[in-house]
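Numbered from 1 within each chain, the chains take letters A, B, ... in sequence-line order.
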Amino acid sequence: MAEIQLHNTLSGKLEPFVPQKPGEVRMYTCGPTVYDYAHIGNYRTFVFQDILGRFLKLRGYKLKHVMNLTDVDDRIIANAAAAGKNIREYTDTFAQAFFDDCKTLGIEAPEHWIRATDHIDDMVKLIQRLQKKTFTYSSEGSVYYRIAKFPNYGKLSKIDLTGIQAGARVDNDRYEKESARDFALWKAPKPGEHFWETAIGPGRPGWHIECSAMAMKYLGETLDIHTGGIDLAFPHHENEIAQSEAATGKPFARYWLHAEHLLVDGEKMSKSLGNFFTLRDLFAKGYKPSALRFALASVPYRKQLNFTFAGLTQATNSVERLRNFADRLKQGKFPPGKQEGMSERIFKAHVEFDDGLSDDLNTARALAALFDLVRDANIAMDKGEFRQGDIDAAQLFLVFFDSVFSVLEDNDAAKLQVLGYGSAEAGLSDADIEKLVADRTAAKKKRDFAAADRIRRDLADRGIIVEDTKDGTVRWKRK
RNA sequence: GGCGCGGUAGCCAAGUGGCAAGGCGAAGGUCUGCAAAACCUUUAGCGGCGGUGCGAUUCCGCCCCGCGCCUCCA
């Protein structure tokens, strides 16, 4: 197997991935801010993180993965107040929606899903540590980080802040800061705002401190991998580095991976442009979770992904092709024995697939290896040159593939029902379908094609596709 | 302006100094009672201009275009 290479934002280069502790990966990912439903752009990043985690596990690493939910910030405070709810009540709704969405998209739950407001004490302790080392100063009840004291500031985002002055783009009138680039570790409460009473005074945490505090609490002072969307590189991750490394004197994370953004029709997604979508928006239009997952996963994560409905349809059809192949493998009748060269062919595809993912999660390259094999295997099957003894190797590869991509299982309808989409109408049971299929076969035998076609059409209207195969068996599937 | 992605067929997209993967779509065909699935065939002057090479989509320079970040943002 090829060595795993990952693009590290810190170095700007592809680097061989070697965790600190052999066989174990400690990964922290920035999750959503639960002030509203997450959108498909968020899920582009979360699917990337999922694929990374799944691939590492598949490669035999023990994965310790922590994802946070930011459940306190300005938007949340404002929205909760507007809704007449307290912060917890308000964010619970969207946290639950996020968990449901993840399940629907096949995003595996990390070992820990943690919330900022459950870790106020940890943040306070970290701030105190920074206070002791004089990386902070207080002003009007808030605590700020003194960037001037951290020499490596900007090493992740390669940003040079010396030119940034308080002014038009920098909010300098709400708080008193020594320097415009300094950021808040702890914010003094504004009138009427929810606050925590702590050893460093009343208030609420700044945005960045939560990730430093929680990541180090669960994963130690040096993480193997830290990921998020590209927009988080600055200032969020840069500030995490400043806080964490100032406190510990150790590198905070060894590999920083950032997912590029998703665009819609070539433009930034925004509510004002009317091109802003949540998962629920797409499911309500009838698109399948597997199609969206495939669409998000098939474009390598460091490339901007241009989301379009045409693209989603393409993804739907691509998944269909793979499922057809998986079905054929499962249900087809093949001659006994093993075909000369076939297992080698399958093994080659397997290796190429793995090589693709090892190359900084090049999913497009990996998929090409799979589709190549699908074609070759179909050709062999058509010719009767694919045998029973070859099934296992092919199946093994598909399982490997699906351990990462997770799109083969035909469970879209069930998933949608969890979110309340798709008709919960009493559809045809398997037995009903079998009966109708048998009726059609009987009609065909009598060469009553009109009757047979009528049954097939009725089934099609109810979302069941019936197909005759070469070996005489009839197979059906739900659309 | 600084930093960073990217411009490859109708659409999505990989890739390499030496005849340009893969998927979707479209057209024609094979198979089928008809379909579906599958298979076959067709569908690329690699943003522009220069440069270095026997040879450049791939390296270098300049330019054009799209997108992102530069303290709300996955």
Side-chain angles (χ1 to χ4, degrees), chain A residues 9 12 29-33 35 38-49 73-75 154 157-161 163-164 169-172 180-184 206-208 227-236 238-239 258-263 266-270 294-295 298-300 302-308 310-322 324-325 327-328 332 352 356 359 362-375 377-383 444 447-450 452-453 456-457 460 465-470 474-477:
Chain A
T9 308
T29 56
C30 286
T33 301
Y35 71 105
H39 54 69
I40 55 174
N42 294 310
Y43 286 107
R44 196 274 162 107
T45 298
F46 301 143
V47 166
F48 143 66
Q49 292 166 170
D73 82 336
D74 291 337
R75 291 168 298 184
S157 52
K158 278 81 180 164
I159 207 154
D160 177 9
L161 286 189
I164 293 191
R169 302 209 57 181
V170 179
D171 177 6
N172 68 344
R181 39 189 213 155
D182 290 344
F183 57 92
W207 174 29
H208 316 293
T227 78
I230 185 69
D231 56 304
L232 294 186
F234 186 87
H236 186 51
E238 197 69 69
N239 290 349
H258 291 102
E260 265 295 347
H261 274 181
L262 171 150
L263 307 175
E267 293 188 282
K268 183 173 181 173
M269 188 166 53
S270 76
F294 189 88
S298 58
V299 178
R302 283 203 299 128
K303 184 165 170 146
Q304 290 175 341
L305 187 159
N306 188 20
F307 175 87
T308 61
L312 199 48
T313 301
Q314 291 179 187
T316 306
N317 294 338
S318 297
V319 170
E320 193 58 27
R321 177 168 168 83
L322 296 175
N324 282 336
F325 178 71
D327 282 348
R328 189 173 189 188
E352 284 174 355
D359 176 18
N362 189 334
T363 49
R365 195 180 140 193
L367 285 170
L370 171 66
F371 279 107
D372 265 338
L373 176 73
V374 168
R375 191 191 54 246
N378 273 323
I379 291 171
M381 288 174 180
D382 284 353
K383 286 188 187 159
K444 268 181 66 180
R447 300 196 64 78
D448 184 356
F449 295 119
D453 288 352
R456 186 171 62 193
R457 211 176 321 111
I465 308 293
V466 179
E467 296 174 353
D468 299 327
T469 66
K470 228 171 185 174
V474 181
R475 107 186 139 190
W476 59 268
K477 63 189 178 192

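- On the C1' atoms, A74(B) is 49 Å away from U32(B), given to the nearest whole Å.
- Distance from the side chain of Phe234(A) is smallest to C69(B) among G33(B), C24(B), C69(B).
- Residue side chain Asn317(A) does not reach the base of G23(B) through any donor-acceptor N/O pair under 3.5 Å, judged by distance alone.
- Put simply, CG on Leu263(A) is 19 Å from P on G4(B), counting in whole angstrom units.
- The residue from Leu262(A), Leu305(A), Leu312(A) that alone fulfils the side chain to side chain contact (heavy atoms under 4.5 Å, CB included) condition with Ile40(A) is Leu262(A).
- Contact of Arg456(A) with C34(B) (side chain to base): a donor-acceptor pair of N or O atoms is detected under 3.5 Å.
- The shortest distance between the side-chain N/O atoms of Arg321(A) and the OP1/OP2 oxygens of C39(B) is below 4.0 Å.
- Residue contacts for Arg302(A): at a heavy-atom cut-off of 4.0 Å it reaches the sugar-phosphate backbone alone, with no base atom in range.
- At the heavy-atom level, His236(A) lies nowhere under 4.0 Å from the strands shown.
- Nucleic acid contact for Asn362(A): sugar-phosphate only, since backbone atoms but no base atoms lie under 4.0 Å from a heavy atom of the residue.
- The side-chain ring of Phe449(A) is stacked on the base of G33(B), judged by centre separation under 5.5 angstrom and plane angle under 30 degrees.
- If you take atom C1' in U8(B) and the same atom in A21(B), they sit 12 Å apart, rounded to whole Å.
- Residue Ser157(A) is classed as a sugar-phosphate contact, given heavy-atom separations below 4.0 Å to backbone atoms only.
- At the heavy-atom level, Ala259(A) lies nowhere under 4.0 Å from the strands shown.
- Rounded to whole Å, the distance from CD on Glu267(A) to C1' on G68(B) is 14 Å.
- Looking at which nucleotide of RNA chain B each of Leu305(A) and Leu367(A) is closest to, the 5′-most match is held by Leu305(A).
- Within the nucleic acid shown, Lys268(A) comes within 4.0 Å of at least one base atom, counting heavy atoms only.
- The same atom, C1', is picked in A14(B) and in C70(B); the two are 32 Å apart, to the nearest Å.
- Atom P of C24(B) sits at a distance of 9 Å from the matching atom of C39(B), rounded to the whole Å.
- Rounded to whole Å, the P atom of A9(B) lies 9 Å from the corresponding atom of C46(B).
- Pairing of G45(B), defined by two Watson-Crick or G-U wobble distances under 3.5 Å, is not identified with any nucleotide.
- Nucleotides A44(B) and C60(B) have their C1' atoms positioned 25 Å apart, rounded to a whole Å.
- When each of Ala452(A) and His39(A) is assigned the nucleotide of RNA chain B bearing its nearest heavy atom, the one mapping closer to the 5' terminus is Ala452(A).
- Across all strands, Gly41(A) comes closer than 4.0 Å to base atoms (heavy-atom distances).
- Using a 4.5 Å heavy-atom cutoff, the side chains of Asn42(A) and His39(A) are in contact.
- Contacts of Thr308(A) with the nucleic acid, taken as non-hydrogen atoms under 4.0 Å apart, are absent.
- Base engagement by Asp453(A) is indicated by at least one non-hydrogen atom pair under 4.0 Å involving a base atom.
- Using atom C1' as the reference point in both A27(B) and U58(B), the two lie 33 Å apart (nearest Å).
- One P atom belongs to A20(B), the other to G33(B), and the distance between them is 41 Å to the nearest Å.
- Out of G22(B), A37(B), G23(B), the shortest distance to the side chain of Asp372(A) is found at G22(B).
- Here the side chain of Arg181(A) is nearest to one of A74(B), C24(B), U71(B), namely U71(B).
- If you check every strand for non-hydrogen atoms under 4.0 Å, Pro300(A) touches sugar and phosphate atoms only.
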